[in-house]
Structures are given as structure tokens and as C-alpha cells.
A.B. asks: 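Take this structure, written in C-alpha cells, and hold onto it; I'll ask about it next.
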Amino acid sequence: MPELVEVESARAVVERSALGRTIVDVDDADTWECRPHAPGEIRDALLGRELVAAHRRGKAMWCTTSSRDDDGDDGQDGQDGQDGDAGPRLGIHLGMSGRIVVAGADGDGDDEGGDYAGPGGWRPGGEVKPEWYRFTLTFADGGALRLFDKRRLGRVRLDPDIDRLGPDAGEVDRDDFRTRVGRGTAPLKARLLDQATVAGIGNLLADEVLWQSRLSPQRPAGELSVDELDELRRELRKAIRSALRKGGVHTGEVIAHRGAGGHCPRCGAAMTRATVGGRTTWWCPAEQR
DNA sequence: CCATATGTTAAAAG
DNA sequence: ACTTTTAACATATG
């Protein structure tokens, strides 16, 4: 599920429904999802604390936590809980199939993770097998925050390193975008998928933005003109805004046409498929140059 | 068995 | 040394 837009939805759910609730139990027994932490390590670090704020950069999400014995930051000032004795940051990466589910105080198990439809129409809301819950925070009020991750490529860890990520794809400024994206010999799509260049663009968003910009995914990134780079950034911001509004990156205009027999929704040409940047890529060979 | 899947990353290659 | 590409990761599904 998770590209920037889906992670932002998950972050908003955490911000809206999981902050300020005291953590009384933590299930961190999945040593793969919680690598490199040993079982119990995350639990020991979080018991008695509460989540203070939910942050995101690209596809990375993390929560600051309070000190034990007080409620810490009020979570309303937009700043981290930088209290002297604040707890560790709890990093959650949704990987390829992760999503956050927050249950209310009554333990009703409400699925507030946002919507998601995979290539096969898979909807986690329709099938939630308990064995696909990889990590759980249980709150004093009886509710819980869970990481549901079918494919198990997600990750939970304390104090995640986010320094290697580039600026968020929705916030990078024009000059920064020009110099970061418009360099090198790698295919443009590979550059866009590189989280150190700009953070948050995934396979679907890349295809959508390249199609909107009428740029070939195979163009060497360093050969783009300044005008093309500026247009690319405009379409990127537009696509993110649209996807946030419509509920997911899969709502992009060209996404439904990525597939065998797909045609460009603008000109009708047959879509081309190839592996670019290590990922399956679809584009309109007639318009994208 | 093979190929596919909205991600990351270590290792290899250039 | 830096950039780019590939393979592997764990798991489910067609």
C-alpha cells in the first residue's frame, strides 16, 4: 500500500487516534519486523510511555514518546517532545503491504488505517488474519495500535535513522529539486525512486507523475532541461495533492491503465511495459519522451 | 514451478 | 570514491 500518500494517511490516523494513550503492553515478538531489536527491547523502551506526536518524511513515519510518569508534551505545539527525559522515537515503516490499525478504547477494532486496493483487489479490511499483525501497542484504555503487514517487508524500530532520506517529495523546493533530480546518467524513474534524492515516491506515483509530465522513464535524469524539471515538480505536487484528496496513489489517472492491454487514457496508444529502476514500469511511448 | 506484487538495501558492477 | 544496477529479503496469490 504505502507510498507517501498512504503513509501520510496512516500518520494522520495515529495523530488523531493514538496520541496520549498510555502504553501498557507491547508485542514486539516478530524479530524480523522489529530487526535489529531483540524481542522485548522495544517493549522495555515503551512501557509506561505514550505517543506524543506522529511525524513523516517520505515513506518513513515515526512517533515521539513521552517520559514515563508524566504526560510529556501536549502534542499540540507541532514540535517534537524534546523534554529532557523524553522517550525514544518509535519508527514504523509500512514496507510493501503494511498498514496501521488503531482500535478505540472500547477495543472495537475499528479499522482506521485508510483504504487500500492492491493489484489483485486485495483489501486488508476484507481479510484481516491475526497472523498478519506484526506489532502491537496495547493502551491502558483497552485499545491498541497494530501494524498489519501481510508481506512482512515493513519495519518497526527505535530511533530510526532518517538522515539518509532526501527532502519530502511534497515539500522539496524548486531549486533543490532541480539539482537533486536533474543529475547523473541513471534513468529518470530510477532517480525519482531513490529515497535519498527525494523521499516518498514509489512505483505507482513515479509512473503517474512521468505520464502527467509526458516524460519517458528512461530519459537520463541529467539530460532534463530546467523547464522539464520544473514541470515534473509541478506534476509531482499536483499528483500528491490529488491522491491525498482521493484516498490513495492508486487513484492516479494512468494507474488503472498499467497492465496488459492497457492504453494511454489521453491518446489511446498501447502502453509500453519494461523494467526501469528495478521496477515494472508502464508508460505511453507516443507521448512520453 | 513461474511470475507478480504500492519497498528497502547490501553487494556487485561499472 | 562515487554512481548505478542487481539480487535478496518474507510472503501471498494467480
Side-chain angles (χ1 to χ4, degrees), chain A residues 1-10 30-36 56-61 91-100 113-124 126-135 147-157 160-166 169 180-211 217-222 239-240 243-244 246-252 254-256 258-260 262 273-282:
Chain A
M1 135 212 243
E3 294 195 27
L4 180 157
V5 170
E6 287 74 19
V7 179
E8 173 55 25
S9 298
D30 190 319
T31 56
W32 173 256
E33 204 87 4
C34 297
R35 69 194 180 285
R56 178 191 62 77
R57 180 149 145 210
K59 306 170 196 170
M61 172 171 117
I92 299 178
H93 199 295
L94 301 178
M96 199 86 113
S97 62
R99 66 197 309 258
I100 297 293
D115 199 11
Y116 167 80
W122 175 66
R123 276 190 156 68
E127 185 171 22
V128 182
K129 297 186 181 176
E131 61 265 35
W132 291 339
Y133 282 116
R134 313 296 185 184
F135 179 81
L147 170 60
F148 174 89
D149 184 11
K150 191 176 186 178
R151 282 184 65 185
R152 222 164 159 233
L153 288 171
R155 182 167 196 170
V156 177
R157 64 163 309 171
D161 174 26
I162 56 165
D163 294 338
R164 288 174 316 185
L165 292 175
R180 286 175 167 276
V181 176
R183 56 163 213 88
T185 60
L188 177 55
K189 180 169 175 180
R191 173 75 64 247
L192 292 175
L193 291 175
D194 179 0
Q195 304 300 297
T197 296
V198 151
I201 303 175
N203 200 32
L204 296 186
L205 183 58
D207 278 5
E208 172 71 12
V209 167
L210 289 169
W211 179 79
Q218 300 181 308
R219 277 276 292 283
I240 291 172
L244 278 171
K246 294 180 179 175
V249 70
H250 61 281
T251 63
V254 84
I255 303 304
R258 295 172 83 258
R273 178 206 148 123
T275 296
V276 182
R279 308 300 303 275
T280 296
T281 302
W282 292 87

A.B. asks: Using atom P in both nucleotides, what's the gap between C/dT4 and B/dA5 to the nearest angstrom?
C.D. replies: 24 Å
A.B. asks: Taking only N and O in the side chain of A/Lys150, is any of them less than 4.0 Å away from OP1 or OP2 of B/dA5?
C.D. replies: no
A.B. asks: Does a side-chain N or O from A/Trp132 land closer than 4.0 Å to OP1 or OP2 of C/dA12, or not?
C.D. replies: yes
A.B. asks: Return the value, rounded to whole Å, for the distance between atom CG of A/Asp149 and atom P of B/dA5.
C.D. replies: 18 Å
A.B. asks: P atom, C/dA10 versus B/dA11: distance in rounded Å?
C.D. replies: 15 Å
A.B. asks: Students often get this wrong, so: under 4.0 angstrom with heavy atoms, is A/Arg157 touching a base, only sugar-phosphate, or nothing?
C.D. replies: nothing
A.B. asks: What are the atom names and distances for every N/O pair under 3.5 Å that joins the protein to nucleotides 8-10 of chain B?
C.D. replies:
residue, atom, partner, partner atom, Å
B/dT8, OP1, A/His93, NE2, 2.7
B/dT8, OP2, A/Lys59, NZ, 2.9

A.B. asks: Grab the CD-C1' distance between A/Gln218 and C/dT5 for me, whole Å please.
C.D. replies: 15 Å
A.B. asks: Given C/dC9, C/dT4, B/dA5, which nucleotide is nearest the side-chain atoms of A/Thr280?
C.D. replies: B/dA5
A.B. asks: Could you check whether A/Arg279 pairs with A/Asp207 (Lys NZ or Arg NE/NH1/NH2 to Asp/Glu carboxylate O, under 4.0 Å)?
C.D. replies: no
A.B. asks: Between P on C/dA10 and CZ on A/Arg134, what's the gap in Å once rounded to a whole number?
C.D. replies: 12 Å
A.B. asks: Let me confirm one number: the NE2-CG distance from A/His250 to A/Leu205, rounded to the nearest 0.5 Å.
C.D. replies: 13.5 Å
A.B. asks: Going by modelled atom types, is there a donor-acceptor pair between the base of C/dA12 and the side chain of A/Arg151 at under 3.5 Å?
C.D. replies: no
A.B. asks: Taking A/Ile201's backbone N and O only, do any of them form a donor-acceptor pair with A/Lys59's side chain (distance below 3.5 Å, no angle check)?
C.D. replies: yes
A.B. asks: Do any N or O atoms from the side chain of A/Arg155 and from the backbone of A/Gly91 form a donor-acceptor pair under 3.5 angstrom?
C.D. replies: no
A.B. asks: Applying side chain to side chain donor-acceptor pair (under 3.5 Å), name anything that partners A/Arg57, two or more places apart in sequence or on another chain.
C.D. replies: none
A.B. asks: Go through the structure and list residues passing side-chain contact (heavy atoms from CB on, under 4.5 Å) with A/Asp163, not counting sequence neighbours.
C.D. replies: A/Asp161
A.B. asks: Are the side chain of A/Arg56 and the backbone of A/Gly58 linked by a donor-acceptor contact shorter than 3.5 Å?
C.D. replies: yes
A.B. asks: What is the distance, rounded to the nearest whole Å, between atom CZ of A/Arg258 and atom C1' of B/dA5?
C.D. replies: 10 Å
A.B. asks: Could you check whether A/Arg191 gets within reach of a base, just the sugar-phosphate, or nothing at all, counting any heavy atom under 4.0 Å?
C.D. replies: sugar-phosphate
A.B. asks: Keeping the roles fixed (side chain from A/Glu33, backbone from A/Asp30), state whether a donor-acceptor pair exists under 3.5 Å.
C.D. replies: no
A.B. asks: Looking at A/Thr185, I'd like to know whether one of its side-chain N or O atoms comes within less than 4.0 Å of OP1 or OP2 on C/dT4.
C.D. replies: yes
A.B. asks: Please report, rounded to the nearest Å, how far the P atom of B/dT4 is from the CG atom of A/Leu204.
C.D. replies: 16 Å
A.B. asks: On a whole-Å scale, what distance lies between the P atoms belonging to B/dT9 and C/dA1?
C.D. replies: 23 Å
A.B. asks: Taking both distances under 3.5 Å as the test for a Watson-Crick or G-U pair, what stems of at least three pairs does DNA chain B have?
C.D. replies: B:2-5 with C:11-14, B:7-14 with C:2-9
A.B. asks: Below 3.5 Å is the cut-off: list the nitrogen or oxygen pairs between protein and nucleotides 11-14 of chain B, distance only.
C.D. replies:
none

A.B. asks: What nucleic acid atoms does A/Gly278 come within less than 4.0 Å of, heavy atoms only: base, sugar-phosphate, or nothing?
C.D. replies: nothing
A.B. asks: Donor-acceptor pair, A/Gln195 side chain versus A/Gly200 backbone, under 3.5 Å?
C.D. replies: yes
A.B. asks: Distance check needed: B/dG7 C1' versus A/Ile92 CD1, whole Å only.
C.D. replies: 16 Å
A.B. asks: May I ask you to decide if A/Lys150's main-chain N or O and A/Arg134's side chain share a donor-acceptor pair within less than 3.5 Å?
C.D. replies: yes
A.B. asks: Checking A/Thr31 now: which residues fulfil side-chain contact (heavy atoms from CB on, under 4.5 Å) with it, not counting sequence neighbours?
C.D. replies: A/Pro39
A.B. asks: Is there a side-chain contact between A/Ser97 and the phosphate of B/dG7, meaning an N or O under 4.0 Å from OP1 or OP2?
C.D. replies: no
A.B. asks: Between B/dT4, C/dT5, C/dT11, which one does the side chain of A/Arg273 approach most closely?
C.D. replies: B/dT4
A.B. asks: About how many Å separate CG of A/Leu94 and CD of A/Glu6, when rounded to the nearest 0.5 Å?
C.D. replies: 9.5 Å
A.B. asks: Is a side-chain N or O of A/Trp32 found less than 3.5 angstrom from the main chain of A/Arg152, in a donor-acceptor match?
C.D. replies: yes
